[in-house]
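Being a predicted model, the structure only gives us computed values, none of them experimental.
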Amino acid sequence: MTADQYSWGDTVCEWIEDYCVFPSGEWIGQPFRLLPWQRKYIEDLFTTDEHGTLRYRWSLLGIPKKNGKSTLIAALALYHLLGDPDEPDPWVVVSAASDKQADIVFDAVRRMCEMSPRLSNETLRYRWEIRPKDGKGKIERVAASAGKLDGKNISMLIVD
């Protein structure tokens, strides 16, 4: 980062570790503790320029299987839905080419909401949607077979 840049990545990391739990695996149900590479990714992702504009509009995360990518992305989706003070009515879309693939990240989101005491109190969970209890925003699961999302006001798109 240069002197004219700022990152609120630490705030995002704190929110994730305060609210999210591991949705599966050997630490299932335990508080989410970010790995160093995940912290660095979040810090970079939430870096702004001197005007407060996010430095990146798109991000591609490519790492080998079983390294925590789906869990991290699920936690970021939940942060955007519930923790981002700059997004009053977020619409997060979790998408993939097939139903089975779309379920991987969406199921991680849903399981985090079910197992985390804080998230379970703040969310309503449906088959293909998660909504905050205040009714503002949603996380929606979409497979390519469901059709287009042209013209929609999506604030975060996750493609797996």
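Placement of V21 and I73 in two distinct hydrophobic clusters is found when ILVMFWY residues are connected by side-chain heavy-atom separations under 4.5 Å, directly or transitively. A continuous path of ILVMFWY side-chain contacts below 4.5 Å connects I16 to L61, so both sit in one hydrophobic cluster. There is a path of hydrophobic side-chain contacts, each under 4.5 Å, that joins W15 to L81. The hydrophobic cluster containing W27 also contains L78, counting ILVMFWY residues as joined when their side-chain heavy atoms lie under 4.5 angstrom apart, directly or transitively. Residues V92 and I104 do not share a hydrophobic cluster, defined by chaining ILVMFWY side chains whose heavy atoms lie under 4.5 Å apart.
Side-chain polar atoms of W91 and E140 form a donor-acceptor pair below 3.5 angstrom. Looking at T123 and R125, their side chains do bring a donor and an acceptor atom within 3.5 Å of each other.
A distance-only check finds no donor-acceptor pair linking the side chain of R141 to the backbone of V93 [under 3.5 Å]. A distance-only check finds a donor-acceptor pair linking the side chain of S95 to the backbone of I158 [under 3.5 Å]. Under the 3.5 Å distance criterion, the side-chain polar atoms of Q38 are matched with a main-chain donor or acceptor of L35. Looking only at distances, a side-chain donor or acceptor of E17 sits under 3.5 Å from a matching main-chain atom of L34. N121 places a side-chain N or O within 3.5 Å of a backbone atom of P117 that can act as its donor or acceptor partner.
For D44, the salt bridge (charged side-chain N to carboxylate O under 4.0 Å, His left out) test picks out K40, with sequence neighbours left out.
Closest of all the heavy-atom pairs between L157 and V159 is CG-CG2, 3.8 Å. Heavy-atom minimum distance, D99 versus A143: OD1-CB, 3.1 Å. When all heavy atoms of M156 and A77 are compared, the pair lying nearest together is SD-CA, 4.0 Å. For the pair P90 and K136, the tightest heavy-atom approach, listed with the atom from each and the gap, is CD-O, 4.1 Å. The two residues A108 and P23 make their nearest non-hydrogen contact at O-CB, 3.7 Å.
Residues Y19 and L82 form no side-chain contact, since every pair of their non-hydrogen atoms from C-beta on lies 4.5 Å or further apart. No side-chain heavy atom of I42 sits under 4.5 Å from any side-chain heavy atom of W37. Between R111 and I28 there is a side-chain heavy-atom pair separated by less than 4.5 Å. L76 has its side chain within reach of L45: a pair of non-hydrogen atoms, C-beta onward, lies under 4.5 Å apart. Inter-residue side-chain proximity for T71 and V105 is flagged as unmet; no heavy-atom pair is nearer than 4.5 Å. No side-chain heavy atom of E114 sits less than 4.5 Å from a side-chain heavy atom of S120. Inter-residue side-chain proximity for L124 and I130 is flagged as unmet; no heavy-atom pair is nearer than 4.5 Å. M112 has its side chain within reach of F32: a pair of non-hydrogen atoms, C-beta onward, lies under 4.5 Å apart.
Electrostatic pairing of E129 and R127 does not count as a salt bridge here, judged by no charged N lying under 4.0 Å from a carboxylate O. A salt bridge links K69 to D160: one of the charged nitrogens lies within less than 4.0 Å of a carboxylate oxygen. Salt bridge annotation for R110-D107: present, with a cationic side-chain nitrogen under 4.0 angstrom from a carboxylate oxygen.
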| message | Working note: T48 + R55, criterion side chain to side chain contact (heavy atoms under 4.5 Å, CB included); need CA distance, chi angles, decisive distance, verdict. | response | CA-CA 5 Å; T48 62; R55 186 174 173 197; over 6 Å; no
| task | Test S59 against Y41 for side chain to side chain contact (heavy atoms under 4.5 Å, CB included), laying out the working first. | result | CA-CA 10 Å; S59 173; Y41 174 75; 2.6 Å; yes
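To the nearest 0.5 Å, atom SG of residue C13 and atom CZ of residue F46 are 9.0 Å apart. Rounding to the nearest 0.5 angstrom, the gap separating the CG atom in D84 from the OH atom in Y79 is 4.5 Å. Between S24 atom OG and M115 atom CE the span is 7.0 Å, to the nearest 0.5 Å.
For NZ of K133, the number of neighbouring non-hydrogen atoms (other residues, nucleotides, ligands) closer than 6.0 Å is greater than 12.
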